[in-house]
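Just so it is clear: chains get the letters A, B, ... in the order the sequence lines come, proteins before strands, and each one is counted from 1.
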Amino acid sequence: MSNADAQRSEEAQQDEFEQDLPEQIAVRLAKRDRLNELGDAYPVALPITHTIDQVREAYPALEVDVATGEFVGLAGRVMFQRNTGKLCFATLQAGSGQRIQAMLSLDKVGEEQLELYKELVDLGDHLFVSGEVITSKRGELSIMVDSWKMAAKTIRPLPNLHNELGEEYRVRHRYIDLIVRDRAREVVQIRSKVMQSMRKTFAERDFLEVETPMLQTIHGGASARPFKTHSNAFDTELFLRIAPELFLKRAVVGGIDRVYEINRNFRNEGADRTHSPEFAMLEAYQAYGDYNSIADLTQALIQNAAMDVFGTHQVTLEDGSINDLGGEWARISMFESLSAACGVEITPETPIAELKKIADKEGIEIDHPLHGKYVEELWEHFVKGDLVNPTFVMDFPVDTSPLTRNHRSKAGVVEKWDLYIRGYEQATGYSELVDPVIQRERFVAQVQLAASGDPEAMKLDEEFLKALEFGMPPSGGMGMGIDRLLMSLTGLGIRETIMFPLVK
RNA sequence: GGGCCUCUAGCUCAGUUGGUUAGAGCAACGGACUUUUAAUCCGUGGGUCGUGGGUUCGAUCCCCACGGGGCCUACCA
């Protein structure tokens, strides 16, 4: 297509755009033009002296019909309008959600400015007003406007504020959701404060925050299907990371003894109420720690976050129920809790055939070559549902945990825990496997699994093994889903804790 | 991946057992109103009924395909 053709087609598209406009958008575009004729529909600077929050704070409880003598200039989004012939009311909203009323009367602003206001200001516009802080005859804290200016003209109408938005509209137009729904703003604030709190806890313990590669030539550190992409410069296949683990361990080899990363992981798997294809993950490693010390750290991170953000360890969830995160969290053994729950002694030596018999009796279908897979499935069936309070489930089967050290005294299990809160897996922690010879054997076993068709089996990462061969100190490590943590702290679904979840 | 449900105005929703011109509230437009709080009152406009095909004299409604969304189910954190 030639440049001229391209331009013509662009103009055609522009015409089409303007012809097909919904009535309200056409009307607002005309108002925008009018504002630009008179001045500027989008001025770069406005003489703002106060925020809405500041004015509200300064006058928490004025009597009815008071004039304070204080003159302010402030701006906010017009959320409601109530116009009478010679007196207009507008409710202005700040980004914080704070609101204040603006009043425009004929004798203060004059006929021309009042008429222009009525003609050009719509719901949703950002409006600047300057005038005296007063209360109305009904006691509403207000600005008695001397002059007003459009701060930013909106072209699309806000949805009506008297019905809840549909779920799909909320997710696809989160910026609207944030404007009209207090809870949406609150969740963003909570998430930010939780991150601040966790970084503070880490800093107090001398952990360094680092960033490791998201684009990787070999994906590792977890069992999951990766997203694939391609590098033109290197002409090679790349993977979006499924976990940062193998790079954070390289950092520990390098002497970054206390290290953590909070960043995104990507897993090419199903999405539902508790899973998102991209999700925020915290991983932390502590040299000369083990799975006990890292469990202590995990408990501290979550309890500090609850205390810093909500001022209590007993957090109230969306449905009104209480999630009690207080006290020392229980630590139970996977094999012992499973044995107790199903009434049969189950150990790492229990033959697969016997485990299969129990599974069949319970109506659980398992088709997997690994002993540990049966144990974990049975455990989830018998025990998981009953775990409401925070609980560390300790000492997992060896064959499903290729990056974890063998238990120091119990045969057939590794030093790994999963943290469950309200029945959801919240975090996992290890005494890290640092023996490069055993690590190589574990990877080889994974490669065999992959050869037998398991798409989630780990790949053998020679560069990571080489790093281990230079000596990694004994370490504890943990990983925690941030979105999941937010769910535990609020009771919301994952798509509400992520500001912009993936939508088709 | 499998099953069930759903898509109507800017937003939230009615509705049509297939029949002339598809409705409401808020929003918009015109008018009245100097203390409103979803202001009120009078009037007006606004729709490819998700998209494409089929059945029919006639389809927004019935059928098929496709697309978006939701719930359940399976895998994974």
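Distance noted for atom C1' between B:rG47 and B:rU40: 29 Å (whole Å). Going from the P atom of B:rG68 to that of B:rU8 covers 16 Å, rounded to whole Å. Atom C1' of B:rG23 sits at a distance of 7 Å from the matching atom of B:rG15, rounded to the whole Å. To the nearest whole angstrom, the two P atoms, one in B:rG52 and one in B:rC13, are 25 Å apart. If you take atom P in B:rA59 and the same atom in B:rG2, they sit 33 Å apart, rounded to whole Å. Distance noted for atom P between B:rA14 and B:rA9: 12 Å (whole Å). Rounded to the nearest Å, the gap between the P atom of B:rC71 and that of B:rU48 is 29 Å. On the C1' atoms, B:rU16 is 11 Å away from B:rC49, given to the nearest whole Å.
Residue A:Lys108 is classed as having no contact, given no heavy-atom separation below 4.0 Å to the nucleic acid. Within the nucleic acid shown, A:Phe89 comes within 4.0 Å of at least one base atom, counting heavy atoms only. A:Ser276 comes within 4.0 angstrom of a base, heavy atoms only. Looking at heavy-atom distances under 4.0 Å, A:Leu123 makes contact with sugar-phosphate atoms alone, never a base. Using a 4.0 Å heavy-atom criterion, one finds that A:Glu140 contacts the bases of the nucleic acid, with or without backbone contacts as well. Using a 4.0 Å heavy-atom distance criterion, A:Lys373 is classed as a sugar-phosphate-only contact. Counting any heavy atom pair closer than 4.0 Å across all strands shown, A:Arg99 reaches no nucleic acid atom. A:Met281 comes within 4.0 angstrom of no nucleic acid atom, judged by non-hydrogen atoms across all strands. A:Asp483 comes within 4.0 angstrom of nothing in the nucleic acid, heavy atoms only.
Closest to the side chain of A:Glu168, out of B:rG69, B:rU35, B:rA28, is B:rG69. The side chain of A:Ser136 sits closest to B:rU37 out of B:rC76, B:rU37, B:rU34. Closest to the side chain of A:Gln81, out of B:rA39, B:rC29, B:rA28, is B:rA28.
In this structure, A:Lys384 does not pair ionically with A:Glu376, as no charged nitrogen and carboxylate oxygen lie closer than 4.0 Å. Salt bridge A:Asp107/A:Lys86: absent, no basic N to carboxylate O contact under 4.0 Å. Here A:Arg56 does not pair with A:Asp53 in a salt bridge; the nearest charged N to carboxylate O distance is not below 4.0 Å.
As rounded to whole Å, 12 Å separates atom P of B:rC76 from atom CZ of A:Arg267. Rounded to a whole Å, the CE atom of A:Met103 is 12 Å from the C1' atom of B:rU37. Atom CE of A:Met79 is separated from atom C1' of B:rA39 by 17 Å (rounded to the nearest Å). Across the protein-nucleic acid pair, A:Leu106 atom CG and B:rA32 atom C1' stand 15 Å apart, rounded to whole Å. Atom CD in A:Gln101 sits about 13 Å away from atom C1' in B:rU34, given to the nearest Å. Rounded to whole Å, the distance from CD1 on A:Ile25 to C1' on B:rA27 is 12 Å. Rounded to whole Å, the distance from CG on A:Asn83 to C1' on B:rU35 is 13 Å. A:Lys504 places its NZ atom 11 Å from the P atom of B:rG70, with the value rounded to the nearest Å.
No hydrogens or angles considered: nothing links the side chains of A:Glu432 and A:Tyr291 as a donor-acceptor pair under 3.5 Å. Side-chain atoms of A:Asp418 and A:Thr428 form a donor-acceptor pair, as typed in the model, at a separation below 3.5 Å.
Not a single donor-acceptor contact under 3.5 angstrom links the side-chain atoms of A:His162 to the base of B:rC26. Applying the 3.5 Å distance criterion, the base of B:rU34 shares a donor-acceptor pair with the side chain of A:Asp107.
Checked against the 6.0 Å centroid threshold, A:Phe128 and A:Trp148 do not count as a close aromatic pair.
Put simply, A:Lys118 has no side-chain N or O that comes within less than 4.0 Å of OP1 or OP2 on B:rC29. Between B:rU35 and A:Lys137, no contact under 4.0 Å exists linking OP1 or OP2 to a side-chain N or O. Side-chain nitrogen and oxygen atoms of A:Arg156 include none within less than 4.0 Å of the OP1 or OP2 phosphate oxygen of B:rA28. Distances shorter than 4.0 Å separate some side-chain N or O of A:Arg172 from OP1 or OP2 on B:rG69.
Heavy atoms only, all atoms of each residue included: A:Ala427 and A:Thr298 are closest at CB-CG2, 4.3 Å.
Using bins of under 30°, 30° to 60° and over 60° for the plane-to-plane angle, the ring pair A:His173/A:Tyr175 lands in the perpendicular bin.
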Starting at the 5' end of nucleotides 2-11 of chain B, put B wherever the base has a protein heavy atom under 4.0 Å, S where only the sugar-phosphate does, and a dash everywhere else. --------BB

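Mapping A:Gly85 and A:Arg82 onto RNA chain B via the closest heavy atom, the residue that lands nearer the 5' end is A:Gly85. Checking A:Pro277 against A:Arg28, the closest nucleotide of RNA chain B that is more toward the 5' end is the one next to A:Arg28.
B:rC62 and B:rG54 make up a base pair, with Watson-Crick or G-U wobble contacts both under 3.5 Å. Under the Watson-Crick or G-U wobble criterion, with both distances below 3.5 Å, B:rC4 is paired with B:rG70. In this structure, B:rC33 forms no base pair with any nucleotide, since neither Watson-Crick nor G-U wobble geometry is met with both distances under 3.5 Å.
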May I have the step-by-step check of side chain to side chain donor-acceptor pair (under 3.5 Å) for A:Asn83 and A:Gln81, ending in yes or no? CA-CA 6 Å; A:Asn83 294 349; A:Gln81 278 183 306; 4.8 Å; no

Step-by-step side chain to side chain donor-acceptor pair (under 3.5 Å) determination, A:Asn304 to A:Thr201: CA-CA 7 Å; A:Asn304 290 352; A:Thr201 300; 3.0 Å; yes

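Under the ring-ring contact (aromatic ring centres under 6.0 Å, His included) rule, A:Tyr420 has a single partner from A:Phe392, A:Trp379, A:Trp329, which is A:Trp379.
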